Amino acid sequence: QVQLVESGGGWVQAGESLRLSCAASGSFFGLLPMGWYRQAPGKQRELVARITRGGSTNYADSVKGRFTISRENTKNTILQMNSLKPEDTAVYYCNADFHREFWGQGTQVTVSS
C-alpha cells in the first residue's frame with residue numbers, strides 16, 4: 001500500500017509560482033514512478049508531469065518549459081510551477097505506481113488573471 005499526501009496548493013496571480021509537494025509513505029522500498037495530474041472543473045483528469053525510477057521525465061505540452069518535476073528525496077516528489085496561467089487552475093493530484101495506481105486527495109491551485 002502507498003499513501004500520498006499533497007501540499008503547497010493555493011491562490012496566486014498569473015505569472016507567479018507555486019511549489020507542490022507529494023509525500024509518499026507505505027510498504028514499499030526505493031523509488032516509485034511518480035506523476036502529477038490535474039483536473040479542472042468540467043474536464044477530465046490529465047497528466048501534467050511524470051518521473052520514472054531512473055529519473056526520466058515527461059510533461060504535457062501545455063506546461064513544458066514552465067513546470068518541473070523532481071524528487072526531493074526517496075519519499076517526496078516536487079512539482080515546481082512557474083509562470084502560472086489562469087488555465088492552470090485545477091485540483092492537482094499526486095500519483096504513484098506500485099503494482100497498481102495510488103492517488104492523493106488533491107490540492108487546489110487557483111490562478112487569477
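These numbers come from a predicted model, not from an experiment.
In terms of heavy atoms, Ala96 sits closest to Leu32 at CB-CD1, 4.1 Å. Nearest heavy-atom pair, Ser112 versus Pro86, reported as atom, atom and distance to 0.1 Å: C-CG, 4.4 Å. Here the closest heavy-atom approach between residue Leu4 and residue Cys22 is recorded as CD2-SG, 3.9 Å. Shortest non-hydrogen contact noted between Ala90 and Ala40 is CB-N, 3.8 Å. The nearest pair of heavy atoms linking Gly26 to Gln3 is CA-OE1, 3.6 Å. Of all the heavy atoms in Asn95 and Glu101, the pair that sits closest is ND2-OE2, 3.4 Å.
A donor-acceptor contact shorter than 3.5 Å is absent between the side chain of Glu46 and the backbone of Arg38. Using modelled atom types, no side-chain atom of Gln105 and backbone atom of Val5 make a donor-acceptor pair closer than 3.5 Å. Checked by atom type and distance alone, the side chain of Thr57 never pairs as donor or acceptor with a backbone atom of Ile51 at under 3.5 Å. Using modelled atom types, no side-chain atom of Arg50 and backbone atom of Asn58 make a donor-acceptor pair closer than 3.5 Å. A donor-acceptor pair under 3.5 Å is absent between the side-chain atoms of Thr52 and the main chain of Pro33, judged by distance alone.
Rounding to the nearest 0.5 Å places CG of Leu31 at 9.5 Å from CG of Asn73. Remark: Arg66 CZ to Asn82 CG distance equals 9.0 Å, nearest 0.5 Å. The OG atom of Ser113 sits 13.5 Å away from the NZ atom of Lys85 when rounded to the nearest 0.5 Å.
Listed by first and then second residue, the ring-ring contact (aromatic ring centres under 6.0 Å, His included) pairs involving residues 24-58 are Tyr37-Trp103 (not counting sequence neighbours). Sequence neighbours left out, not one pair with a member in residues 41-94 passes ring-ring contact (aromatic ring centres under 6.0 Å, His included).
Criterion: ILVMFWY side-chain heavy atoms under 4.5 Å apart, direct or through other members. Under it, Phe98 and Met34 are part of a common hydrophobic cluster. Cluster membership check: Phe102 shares its hydrophobic cluster with Ile69, using side-chain heavy-atom separations under 4.5 Å among Ile, Leu, Val, Met, Phe, Trp and Tyr. Taken together through direct or relayed side-chain contacts under 4.5 Å among Ile, Leu, Val, Met, Phe, Trp and Tyr, Ile78 and Leu20 form parts of separate hydrophobic clusters.
A salt bridge links Lys64 with Asp61: the closest approach of a Lys/Arg side-chain nitrogen to an acidic carboxylate oxygen falls below 4.0 angstrom.
Remark: Glu72 engages Arg19 in a salt bridge (Lys or Arg N to Asp or Glu O under 4.0 Å) (not counting sequence neighbours).
Counting only heavy atoms from C-beta outward, the side chains of His99 and Gln1 never approach each other to under 4.5 Å. When side chains are defined from C-beta on, Ser17 counts as touching Gln80, because their heavy atoms get closer than 4.5 Å. By the 4.5 Å heavy-atom criterion applied to side chains, Gln108 and Thr89 are counted as neighbours.
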Self-check item: From CA spacing to verdict: side-chain contact (heavy atoms from CB on, under 4.5 Å), Val63, Met81
Solution: CA-CA 9 Å; Val63 307; Met81 306 187 295; over 6 Å; no
